[in-house]
Amino acid sequence: MFGIDSKLYEIVSGIADLIILNVLFVICSLPIVTIGASTTALLGVTKKMADNKEGYIIKTYFKIFRENFKQSTIMWLILLILTIIPTIDLYIVNYLNEGIVLTALKGLLLGSTLAILFVFLYAMALQSTFENTIKNTLKNALLIGVGHFPWTLLILLITLLPVILIIILGKNAGSVVYIMLFVGFALLAYLNSYIFNFIFKKYM
């Protein structure tokens, strides 16, 4: 039961790997500008874990981080700027008088923000898997995300689960924050990686 080849050992080892990976992701994301590279490395490792090919977690993480730093950072900054625009518009619109047109506008702005989020996730996952230009990676992220829309919705749901829980729990949402800092980011990336691996096999 406690042997190195047992299922229990495999589960405990997997959880430990996710905790280590989560700590690496949080630390490497602190400068903000490095979020793109840290997300690429996170997804790169969890995709290997989902495919049982992870190897050494720390070594693999920093290898992917270093190799993809430039392109991932540029894509992150581009998408961050694009996100700021609809976010500010949504904040302003929220203070205007309610109406059908205004409701439709809110929906459009929210949809734009979610679209940028899924493009970011697909782009970072693609960057960790394929060699391509920034332009083509972003274009492919959009096309693949739209082309596999049901899976994209599931990816968004998994990614935004902590936000949904925080909204539902309100003042009692402190535990969600602790879980995210402890293992949450890596766990969500790991779940999404099964979907990314499934989708990307068609393009290998």
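These numbers were taken from a predicted model, which means no experiment stands behind them. Reckoned from all heavy atoms, side chains included, excluding hydrogens, waters and symmetry mates. Position 1 is the first residue of the sequence; numbering continues from there.
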Salt bridge (charged side-chain N to carboxylate O under 4.0 Å, His left out) filter on K135, not counting sequence neighbours, yields none
**Request:** Start with the C-alpha gap between F120 and T39, add the side-chain angles, then the distance that decides, and say whether side chain to side chain contact (heavy atoms under 4.5 Å, CB included) holds.
**Result:** CA-CA 9 Å; F120 169 74; T39 303; 3.6 Å; yes
The ring-ring contact (aromatic ring centres under 6.0 Å, His included) partners of Y194 (sequence neighbours excluded) come to Y190
Which of L43, L188, L42 passes side-chain contact (heavy atoms from CB on, under 4.5 Å) with S193? Answer is L43
The reported gap from CG in L77 to OG in S72 (rounded to nearest 0.5 angstrom) is 11.0 Å
CG (L161) and CG (L156) are apart, to the nearest 0.5 Å, by 12.5 Å
* To do: Measure the shortest side-chain to side-chain distance between Y203 and I144 over non-hydrogen atoms and say whether it is less than 4.5 angstrom.
  => yes
Short side-chain donor-acceptor distance under 3.5 Å, K48 and T60: no
To the nearest 0.5 Å, atom CG of N197 lies from atom CG of N192 at 11.0 Å
dist I57:CD1 -> I19:CD1 (nearest 0.5 Å) comes out at 12.0 Å
TODO: Apply the test side chain to side chain contact (heavy atoms under 4.5 Å, CB included) to residues L160 and L117: give CA-CA distance (whole Å), side-chain angles for both, the deciding distance (0.1 Å), then the verdict.
DONE: CA-CA 10 Å; L160 294 173; L117 174 59; 3.8 Å; yes
I179 reachable from I27 in the ILVMFWY side-chain graph, under 4.5 Å edges | no
Heavy-atom closest pair (M180 atom, P162 atom, distance to 0.1 Å) is SD-CG, 3.4 Å
Closest heavy-atom pair, G145 versus F118, reported as atoms and distance to 0.1 Å, is CA-CE1, 3.8 Å
Can you find a pair of side-chain heavy atoms, one from I35 and one from L80, that are under 4.5 Å apart? no
Those residues at least two apart in sequence (or on a different chain) that pass side chain to side chain donor-acceptor pair (under 3.5 Å) with S175 are none
ring-ring contact (aromatic ring centres under 6.0 Å, His included) filter on F182, not counting sequence neighbours, yields none
- Query: Are the side chains of Q71 and N132 in touch, meaning some heavy atoms are under 4.5 Å apart?
  - Reply: no
Residue set satisfying side chain to side chain donor-acceptor pair (under 3.5 Å) with N22, at least two apart, ordered chain then number -> none
I88 meets the side chain to side chain contact (heavy atoms under 4.5 Å, CB included) criterion, sequence neighbours left out, with I84, I92
What one should report as the nearest heavy-atom pair of A125 and K47 is O-CE, 4.2 Å
The single option from I166, I164, N172 that satisfies side-chain contact (heavy atoms from CB on, under 4.5 Å) with I168 is I164
One should read off an interatomic distance between L126 CG and L121 CG, to the nearest 0.5 angstrom, of 11.0 Å
| request: Please report the C-alpha distance between L21 and T46 in whole Å, then the side-chain angles of each, then the deciding distance to 0.1 Å, and finally whether the side chain to side chain contact (heavy atoms under 4.5 Å, CB included) criterion is met. | output: CA-CA 9 Å; L21 189 56; T46 53; 3.5 Å; yes
Requested in this report: Classify the angle between the aromatic ring planes of F185 and F25 as parallel (below 30°), tilted (30 to 60°) or perpendicular (above 60°).
Outcome: tilted
Hits for side chain to side chain donor-acceptor pair (under 3.5 Å) against T152, two or more places apart or cross-chain, chain-then-number order -> Y122
If you group Ile, Leu, Val, Met, Phe, Trp and Tyr by side-chain heavy-atom gaps below 4.5 Å, do I78 and M75 land in one group? yes
Residues L79 and I116: closest non-hydrogen pair is O-CG2, 3.6 Å
Do I11 and V45 belong together in a cluster built from hydrophobic side chains that touch within less than 4.5 Å? yes
Sorted by chain and number, sequence neighbours left out, ring-ring contact (aromatic ring centres under 6.0 Å, His included) with F198 holds for W151
Is there a donor-acceptor contact under 3.5 Å from the side chain of T34 to the main chain of A37? no
Note: T40 and S128 closest approach over all heavy atoms is O-CB, 3.5 Å
Residue set satisfying salt bridge (charged side-chain N to carboxylate O under 4.0 Å, His left out) with K63, at least two apart, ordered chain then number -> E67
Contacts of T137 meeting side chain to side chain donor-acceptor pair (under 3.5 Å) (sequence neighbours excluded), chain-then-number -> none
- Applying the 4.5 Å side-chain criterion to the ILVMFWY set and letting contacts propagate, would V146 and I199 be lumped into a single cluster? yes
### Query
Is the shortest heavy-atom distance from the side chain of T129 to the side chain of F196 under 4.5 Å?
no
The ring-ring contact (aromatic ring centres under 6.0 Å, His included) partners of F130 (sequence neighbours excluded) come to F200
CD1 (I64) and OG (S38) are apart, to the nearest 0.5 Å, by 12.0 Å
Run V119 and L82 through side chain to side chain contact (heavy atoms under 4.5 Å, CB included) and show every step you take. CA-CA 11 Å; V119 168; L82 291 176; over 6 Å; no
Shared hydrophobic cluster for I58 and V183 (ILVMFWY, side-chain gaps under 4.5 Å)
yes
Residues joined to I81 in its hydrophobic cluster, side chain to side chain under 4.5 Å directly or through other members, sorted by chain and number, are none
Heavy atoms of M124 and G36 approach each other most closely as SD-O, 3.3 Å
